[in-house]
Every structure is written in structure tokens, then in C-alpha cells.
Peer 1: 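Would you mind keeping the following structure in view while I ask a few things?
What's counted below: heavy atoms across the whole structure, side chains too, no hydrogens, waters or symmetry copies. Chain letters run A, B, ... following the sequence lines, proteins first, then strands; residues in each count from 1.
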Protein chains: 2
Amino acid sequence: MFSLLKPLYHPSVNQITVQGILCALSDPVRVRIFSELAKVTCSMNCSAFLNAKSGPLPKSTLSQHFKILREAGLIRSERKGVELLNFARCEDLQKRFGSMIMEILQAYAKEDKLKANEASATRKPKR
Amino acid sequence: MFSLLKPLYHPSVNQITVQGILCALSDPVRVRIFSELAKVTCSMNCSAFLNAKSGPLPKSTLSQHFKILREAGLIRSERKGVELLNFARCEDLQKRFGSMIMEILQAYAKEDKLKANEASATRKPKR
DNA sequence: TTCTATTGTTCCGTATTATTGAACTAATGG
DNA sequence: CCATTAGTTCAATAATACGGAACAATAGAA
């Protein structure tokens, strides 16, 4: 049976904008989502982030975040029954932006590591 | 004579965050400002952008944009008499983020070039 | 000094955007 | 059908951005 839901909008490679990418990746929740998707080959549905480490997020909020990521061109979403499968558009992004996206993710990862170190140094000083 | 104005806040290298950088660079006005500053060694005062190509900008708006760039760690501002001299913090940024910032600027530049080509193709089709 | 022009900041009302609970739509399985 | 599940849409509220007007600080002229 044909889907009665309206199709999901995905920009073509050339429609992706730097501004859209940076705006999407300047939000911590979206960065976590995209990092997860970029790190694995497989997909992930939206509700996978309902119970995040930093507190649970309402699903209407998550829905918005996924939409922003999708319309920025960072992820591709496919309907699978009642749920959405989400993939990072790694190849498209590399074609369009070279290593920029990966550098951004690495910068975030490095920053997280720095913060973790500072935190542990505070907890156990002099060691 | 000592300045009566409150000192300008500048984050140290380690206080600069990826999120702050991306947020600052997801605005077209700030990208133009920062690109200009990054491209030249010299400085530039805030009013240099009062009459931009894309329409004049109020100075209260520009003041905000410069503040955001400064507090994100992208630029350094020094008081020189009544005006501010602004510099891109290229070395600090490279130390902290490697080539990420430059890749972002290049992506914007490439995008501008693409748009310019499309526009000229529309104006003079078949040539 | 006092006046004036220049540069940038602050204040504040308005406009835009983000968040999220509640109601809703589709698909799946009994 | 009915219940369940996954996401979306709507609407009220909160947070943020924009920009004009008033202000503050400096430099230079009178």
C-alpha cells in the first residue's frame, strides 16, 4: 500500500548550505544525534534518543531536531512501517564539503575529552 | 589615562567552544565580517560594515555581531581611542581547531562562487 | 576649557524562533 | 476493529534577535 504520509523532504547535494549545516550542528542535542549516526553504518530511529544521558527529551522536541538535521542535509530518513530510520549522509557531505564535517565532529569529540579530563582532575586532585 | 570603559571580554584558547564557533559562523553577517578579518593581517573597526553590499546595517546590530564574534573567541578587539580595532584570532584558532575554521570559510567561499555561477548562467543562458 | 563630531554600547519595545505538552495521524499486530 | 507504537502538528509560552533612540567615552577644534 502507498504511504499516506507526506514525503520527507531531503535537499539534494547542491542544495545543502554551509549555514544550514553549521546552524544544525551548533545545538548539543543535534550534535549528539548526528555523531551517533555518523559513527555507525546502521540507522537509528528517532526515539532512540528519548532517554538521553542529559535527561529525557520530549518526542516533539526530538522530532523537530531530526527535521532540522534532515532539512539541513545531514541525515536521510526512511519510513519503515511506523518508524523512521535515520542515516548520516556521509558520502554526500564529503562530496560537498570534503573533511569539514568530520573536523567539526572531531573538534566536538576532543572538547568532550578535555572536559572529562578537567572533571576527573577536579574529583581526584594531585593524581 | 586609564580607560573608563569596562574591559572587553575575550575567552582564553581553552575556553573557546565548538558550539560557540559554529553558532557565530552560522550567521551570514558574522561570516562576512570574520572572513574579511581573516583574509587580511590588518584590523578593521566595527563601522567598516555599516554600509554592506546587502543593505546598510544599524550599528546596534553590528555591535551585537562583533560582541558575539569576540565572545566566541573568533576575533580580538582592542580599543584605539574612540574606535575598536578587530583582528581574527587565527593562531589561537588554529592551535585549538586545526584547519576546521579555514575549511568552514572555504566552504562558504565555494558556495558563494557556485551561487555566482548559477546567477550568471541564468542571466546569460546558452553561454 | 567647552563644544562638536565620531564610535560604539545600552536600553527597550517588537518580531522571530525554540520548546514542549496535548491532541492527532499512520502503521502494525492481536 | 482495537490497542499499541512512532512521529507529527498545534498552540501556548519562553527565549532570542533586531534595530531605533538615548547614552557614554574619546579626540579634536574653537
Side-chain angles (χ1 to χ4, degrees), chain A residues 1-10 17 19-20 22-33 36-37 42-52 54-72 75-87, chain B residues 1-10 17 19-20 22-33 36-37 42-52 54-72 75-87:
Chain A
M1 182 200 179
F2 298 112
S3 173
L4 298 177
L5 288 166
K6 57 177 158 184
L8 299 160
Y9 170 70
H10 291 90
T17 68
Q19 186 180 337
L22 298 194
C23 186
L25 291 183
S26 67
D27 177 275
V29 173
R30 293 193 289 264
V31 170
R32 268 198 306 114
I33 293 172
E36 285 298 313
L37 291 175
C42 61
S43 68
M44 208 165 264
N45 72 7
C46 299
S47 301
F49 297 89
L50 274 178
N51 296 320
S54 41
L57 291 169
K59 55 183 186 167
S60 56
T61 304
L62 282 177
S63 179
Q64 275 305 309
H65 283 316
F66 275 90
K67 184 183 180 189
I68 288 170
L69 287 169
R70 182 167 56 245
E71 302 196 340
I75 66 172
R76 180 170 49 85
S77 309
E78 292 175 9
R79 295 196 196 283
K80 166 82 179 281
V82 77
E83 65 186 330
L84 280 190
L85 301 185
N86 298 287
F87 308 84
Chain B
M1 183 202 179
F2 297 111
S3 173
L4 299 178
L5 289 167
K6 57 175 155 185
L8 299 161
Y9 170 71
H10 291 89
T17 68
Q19 186 181 338
L22 298 194
C23 186
L25 291 183
S26 67
D27 177 275
V29 173
R30 292 193 290 264
V31 171
R32 270 199 304 114
I33 294 172
E36 286 297 313
L37 292 176
C42 61
S43 68
M44 209 165 265
N45 72 8
C46 299
S47 301
F49 296 89
L50 273 178
N51 296 320
S54 42
L57 292 169
K59 54 184 187 166
S60 57
T61 303
L62 281 177
S63 180
Q64 275 306 308
H65 284 316
F66 274 90
K67 185 183 180 189
I68 288 169
L69 287 169
R70 181 167 57 244
E71 302 196 341
I75 66 172
R76 179 170 49 85
S77 308
E78 292 175 9
R79 295 196 196 281
K80 167 80 180 281
V82 78
E83 64 186 330
L84 280 190
L85 300 185
N86 297 288
F87 307 84

Peer 1: Can you tell me which nucleotide in dG8(C), dT5(D), dT9(C) comes closest to the side chain of Leu8(B)?
Peer 2: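 The answer is dT9(C).
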Peer 1: Within this structure, what is the NZ-to-C1' distance between Lys67(B) and dG19(D), rounded to whole angstrom?
Peer 2: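 To the nearest whole Å, that distance equals 16 Å.
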Peer 1: Give the rounded distance in Å between these two atoms: CZ of Arg70(A) and P of dA6(D).
Peer 2: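 It is 17 Å, rounded to the nearest whole Å.
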Peer 1: With rounding to the nearest 0.5 angstrom, report the CG to CZ distance, Leu8(A) to Arg76(A).
Peer 2: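 Reported value, rounded in 0.5 Å steps: 11.0 Å.
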Peer 1: Round to a whole Å and report the spacing from NZ of Lys80(B) to P of dT7(C).
Peer 2: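 The answer, rounded to whole Å, is 13 Å.
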Peer 1: Report the distance from atom CG of Leu25(B) to atom SG of Cys23(A), rounding to the nearest 0.5 Å.
Peer 2: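 With rounding to 0.5 Å, CG (Leu25(B)) is 12.0 Å from SG (Cys23(A)).
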Peer 1: Taking atom P of dT9(D) as reference, at what distance in whole Å does atom CD1 of Ile68(A) sit?
Peer 2: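 It is 13 Å, rounded to the nearest whole Å.
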Peer 1: Hey, is the side chain of Arg30(A) poking within less than 4.0 Å of OP1 or OP2 on dA18(C), counting only N and O atoms?
Peer 2: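 No, no such contact exists.
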Peer 1: Return the nearest nucleotide to the side chain of Pro58(A); candidates are dG20(D), dG21(C), dA27(C).
Peer 2: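 In terms of side-chain proximity for Pro58(A), the closest of dG20(D), dG21(C), dA27(C) is dG21(C).
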Peer 1: Assuming nearest nucleotide by heavy-atom distance, tell me which of Leu62(B) and Thr61(A) is located more 5' along DNA chain C.
Peer 2: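 The 5'-side residue here is Leu62(B).
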Peer 1: Is the shortest side-chain N/O distance from Lys6(A) to OP1 or OP2 of dT9(D) below 4.0 Å?
Peer 2: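 Looking at the OP1 and OP2 atoms of dT9(D), one of them is under 4.0 Å from a side-chain N or O of Lys6(A).
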Peer 1: Select one nucleotide: of dT9(C), dA25(D), dA6(D), the one nearest the side-chain heavy atoms of Lys59(B).
Peer 2: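 Taking heavy atoms from C-beta onward, the closest nucleotide is dT9(C).
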Peer 1: Figure out the CG/C1' separation between Asp27(B) and dT16(D), and round it to whole Å.
Peer 2: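 One finds 13 Å between C1' of dT16(D) and CG of Asp27(B), rounded.
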Peer 1: Against Leu69(A), only a single residue in Leu37(A), Asp27(A), Asn86(A), Ile33(A) fulfils side chain to side chain contact (heavy atoms under 4.5 Å, CB included); can you say which?
Peer 2: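 Result: among Leu37(A), Asp27(A), Asn86(A), Ile33(A), Ile33(A) is the only option passing the side chain to side chain contact (heavy atoms under 4.5 Å, CB included) with Leu69(A).
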Peer 1: From C-beta outward on Glu83(B), which listed nucleotide comes closest to its side chain: dC18(D), dT7(C), dT20(C)?
Peer 2: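 Among the listed nucleotides, the one closest to the side chain of Glu83(B) is dT7(C).
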Peer 1: What I want to check is whether an N or O donor and acceptor connect the side chain of Ser60(A) with the base of dG21(C) at under 3.5 Å.
Peer 2: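 A donor-acceptor contact between them is present.
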Peer 1: When you look at Lys67(A) and Ser77(A), which way does the side-chain contact (heavy atoms from CB on, under 4.5 Å) test go after all the steps?
Peer 2: CA-CA 9 Å; Lys67(A) 184 183 180 189; Ser77(A) 309; over 6 Å; no
Peer 1: Nearest whole angstrom, please: distance from the P of dT10(C) to the OH of Tyr9(B).
Peer 2: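 The distance from OH of Tyr9(B) to P of dT10(C) comes to 16 Å, rounded to the nearest Å.
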Peer 1: By nearest atom, which of the nucleotides dG19(D), dG7(D), dA27(C) is closest to the Leu84(A) side chain?
Peer 2: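 Side chain of Leu84(A) sits closest to dG7(D).
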Peer 1: Just how far, in rounded Å, is P of dA17(D) from CG of Leu69(B)?
Peer 2: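 Nearest whole value for this atom pair: 13 Å.
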Peer 1: Between P on dA6(D) and CG on Asn86(A), what's the gap in Å once rounded to a whole number?
Peer 2: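 Interatomic distance, CG of Asn86(A) to P of dA6(D): 14 Å.
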Peer 1: Would you kindly compare His65(B) and Gln64(A) by the position of their nearest DNA chain D nucleotide and give the one closer to the 5′ end?
Peer 2: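 Closest to the 5' end, via its nearest nucleotide, is Gln64(A).
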Peer 1: Taking it one step at a time, do Glu71(A) and Tyr9(A) satisfy side-chain contact (heavy atoms from CB on, under 4.5 Å)?
Peer 2: CA-CA 7 Å; Glu71(A) 302 196 340; Tyr9(A) 170 70; 4.1 Å; yes
Peer 1: Among dT10(C), dT8(D), dA6(D), which is the nearest nucleotide to the side chain of Ser63(B)?
Peer 2: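 So the nucleotide nearest the side chain must be dT10(C).
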